[in-house]
Amino acid sequence: MIRFSIDEKGKITLETGEGKRKVRELKGNSLIEFPNNYVVLDIETTGLDPKFDSIIEIGAIRYQNGKEIGRFSELVKPDAYYYLDEEDIKQTSDYCVVDGEPIQYINSFITDLTGITNKMIENARDEKDVLKDFDIFLSDDIIIGHNVNFDINFLYDAFEYNLDKPLSNDFVDTMRIARRILKELKHHRLRDITEYYKINYEGAHRAVNDCMITDNCLKCLQESVLLQFESIDEFAKSVSSYKGLSAKDITTSKTEFDEEHPLYGKVCIFTGVLEKMLRKDAMQIVADLGGINGNSVTAKTNYLILGNNDYCSLIKDGKSNKQKKAEELKLKGNDIEVITENVFYDMIEN
DNA sequence: TCTCCTCGAGATCT
DNA sequence: CTCGAGGAGA
């Protein structure tokens, strides 16, 4: 949908897209989680590009604790249409008449794909009226959809244009989750996901139907995630947007500790790759024993546990920077010991 | 080693 | 848009 304004001097400013301000500045965040309350969203459009194409249908279903508790489904009449010439009219019977001229809102490719015809669109409400109601329905819930950036980008522009407000809801993309969890699949189109899980794909490409299909996929994906990971949280930490492994992410549920344990109250730092366990598991053990995890060697550090540095080509003399710093501190008289991972395992076995 | 970048490849939505 | 690789700097 082309949206622009022309000022007195005839200067054209795009209302959306690469226009007056940073594009979709207030868009929500892409989340990796499976919320209890959410709205599954899908739209049908006249094409793939929000700059030139329009929304023709909005479908959305609200779920609470796995159950449907609300539904929004409505066709939309776009502002834009194109005129048909005599040749066009010979080829189709699906067109509308505006001011005596034959016009189409959507081409035959979209009609074939979605089953939505120009005749159906003709009786629909205008975008602005539909969006007003949809805005109320959506509220500020988390949005879920397949490749949901597509839908959100269209709606974001339409919200700004018609309602003069951004669409800032956070969202969960089932395609992003599927790509992470179903690596063995070559493609991750909605259709591929339904085939993998044997989910009914009938009625696809109408907005609200796609919402139901997407929700079924979502529930299957959640099961797969829990099969492959200990928790949703662990899964979330495995994605690239997650910023590394930080000591503050390791917490313990224990409330009582053996104060005699050699690691109790001690600040432990790891360097290198541990042979027998993941660093995060080792850090978890430290936390459960009442020890304190840190990210770097400081004056407060008590133990530096040495893993294997062979994988790091930058370390030529066999000592990491953490180890050098630890040895320096020890010479200065600090209460710090550099231990091998085997010594660490002996300590935690007691 | 750790953190923060940039950049290119690849894929999905109608 | 997201991911992963590879580089710069700390």
Side-chain angles (χ1 to χ4, degrees), chain A residues 1 23-24 27-32 41-59 75-76 78 105-116 121 143-158 171-183 185-194 204-207 209-211 213-214 217 236 238-247 269-274 279 294-298 301 304-326:
Chain A
M1 185 65 203
V23 286
R24 303 183 192 119
K27 197 169 143 177
N29 299 312
S30 176
L31 308 177
I32 301 286
L41 168 70
D42 186 65
I43 65 172
E44 306 304 316
T45 68
T46 60
L48 293 172
D49 192 336
K51 277 216 290 291
F52 304 112
D53 299 311
S54 311
I55 297 168
I56 55 174
E57 185 177 39
I58 300 175
L75 290 168
V76 180
Y105 297 101
I106 53 179
N107 62 34
S108 62
F109 175 83
I110 299 298
T111 298
D112 290 345
L113 181 73
T114 63
I116 298 169
I121 293 286
I143 295 171
I144 297 191
H146 199 72
N147 194 21
V148 71
N149 276 299
F150 172 84
D151 308 81
I152 287 185
N153 288 346
F154 263 96
L155 281 167
Y156 190 103
D157 295 351
F171 54 91
V172 175
D173 186 356
T174 51
M175 187 178 79
R176 191 180 179 201
I177 293 172
R179 281 184 174 155
R180 280 245 137 225
I181 206 75
L182 303 177
K183 292 225 169 69
L185 263 53
K186 198 170 172 198
H187 294 286
H188 301 84
R189 298 164 294 201
L190 187 58
R191 155 131 246 169
D192 302 308
I193 311 303
T194 60
H205 289 298
R206 282 302 296 269
N209 292 347
D210 281 1
C211 290
I213 294 167
T214 300
C217 290
S238 76
V239 310
S240 71
S241 60
Y242 175 74
K243 316 265 185 282
L245 174 65
S246 176
I269 307 295
F270 293 88
T271 182
V273 179
L274 299 178
R279 183 183 290 194
N295 295 319
S296 58
V297 175
T298 70
T301 305
L304 177 68
I305 297 107
L306 301 179
N308 194 333
N309 280 323
D310 292 350
Y311 307 108
C312 184
S313 56
L314 293 172
I315 298 177
K316 297 184 178 69
D317 56 5
K319 288 183 183 177
S320 67
N321 288 335
K322 278 181 184 170
Q323 186 174 355
K324 287 172 192 166
K325 186 162 183 186

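To find a chain, count down the sequence lines: A is the first, B the second, and so on, and within it residues start at 1.
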> Between atom NZ in Lys51(A) and atom C1' in dC13(B), what is the gap in whole Å?
Replying inline: 16 Å
>> Looking at dT2(C), I'd like to know if its phosphate oxygens (OP1 or OP2) sit under 4.0 Å from a side-chain N or O belonging to Asn149(A).
In response: yes
>> Checking base pairs now: Watson-Crick or wobble, both atom distances under 3.5 Å. What partners dG8(B)?
In response: dC3(C)
> For the residue pair Thr111(A) and Ile116(A), what are the closest heavy atoms and their distance?
Replying inline: OG1-O, 3.0 Å
>> Nearest to the Ser30(A) side chain among dT2(C), dT14(B), dG4(C), which nucleotide is it?
In response: dT2(C)
>> Taking any heavy-atom pair under 4.0 Å as a contact, classify Leu190(A): base, sugar-phosphate, or nothing.
In response: sugar-phosphate
> Looking at Thr214(A), Asn147(A), Ile193(A), which hits side chain to side chain contact (heavy atoms under 4.5 Å, CB included) with Thr174(A)?
Replying inline: Thr214(A)
>> Using whole Å, what does the distance between atom C1' of nucleotide dT14(B) and atom NE2 of His146(A) come to?
In response: 14 Å
>> Checking contacts here: which listed nucleotide (dT14(B), dT12(B), dT2(C)) is nearest the side-chain heavy atoms of Thr45(A)?
In response: dT14(B)
> Which whole-number value in Å describes the distance from Lys27(A) NZ to dC1(C) P?
Replying inline: 4 Å
> Of Val148(A), Ile177(A), Ile32(A), Ile143(A), which meets side chain to side chain contact (heavy atoms under 4.5 Å, CB included) against Val172(A)?
Replying inline: Ile177(A)
> Whole-Å distance between dT12(B) C1' and Asp151(A) CG?
Replying inline: 11 Å
>> Without decimals, in angstroms, what is the distance between Leu31(A) CG and dT2(C) P?
In response: 11 Å
> What nucleic acid atoms does Lys186(A) come within less than 4.0 Å of, heavy atoms only: base, sugar-phosphate, or nothing?
Replying inline: nothing
> Between dC1(C), dT14(B), dT12(B), which nucleotide has the shortest distance from any of its atoms to the side chain of Ile110(A)?
Replying inline: dT14(B)
> Base, sugar-phosphate, or nothing: which does Asp210(A) touch, judged by heavy atoms less than 4.0 Å apart?
Replying inline: sugar-phosphate
> Has Arg189(A) got a side-chain N or O lying under 4.0 Å from the OP1 or OP2 atom of dG10(B)?
Replying inline: no
> Which nucleotide in the set dT14(B), dT2(C), dC13(B) lies at the smallest distance from any side-chain heavy atom of Asn147(A)?
Replying inline: dC13(B)
> Under 4.0 Å between a Lys/Arg side-chain N and an Asp/Glu carboxylate O for Asp157(A) and Arg24(A)?
Replying inline: yes
> Counting only N and O atoms by type, is there a donor-acceptor contact under 3.5 Å from the side chain of Asp112(A) to the main-chain atoms of Phe109(A)?
Replying inline: no
> His188(A) has an atom NE2; how far is it from atom P of dC13(B), in whole Å?
Replying inline: 12 Å
> Would one find a side-chain N or O of Arg180(A) under 4.0 angstrom from OP1 or OP2 of dC3(C)?
Replying inline: yes
>> Applying a 4.0 Å non-hydrogen cut-off, can you work out what Thr114(A) is touching in the nucleic acid: base, sugar-phosphate, or nothing?
In response: sugar-phosphate
> Any side-chain N or O of His187(A) under 4.0 Å from OP1/OP2 of dT12(B)?
Replying inline: yes
> Asn209(A) has an atom CG; how far is it from atom C1' of dT14(B), in whole Å?
Replying inline: 16 Å
> Of Leu113(A), Asp42(A), Ile110(A), which meets side chain to side chain contact (heavy atoms under 4.5 Å, CB included) against His205(A)?
Replying inline: Leu113(A)
>> How many whole angstroms separate atom CD1 of Ile58(A) from atom P of dT14(B)?
In response: 14 Å
> For dT12(B), does OP1 or OP2 lie under 4.0 Å from any side-chain N or O of Arg191(A)?
Replying inline: no
> Considering only dT14(B), dT12(B), dT2(C), which nucleotide approaches the side chain of Arg176(A) most closely?
Replying inline: dT2(C)
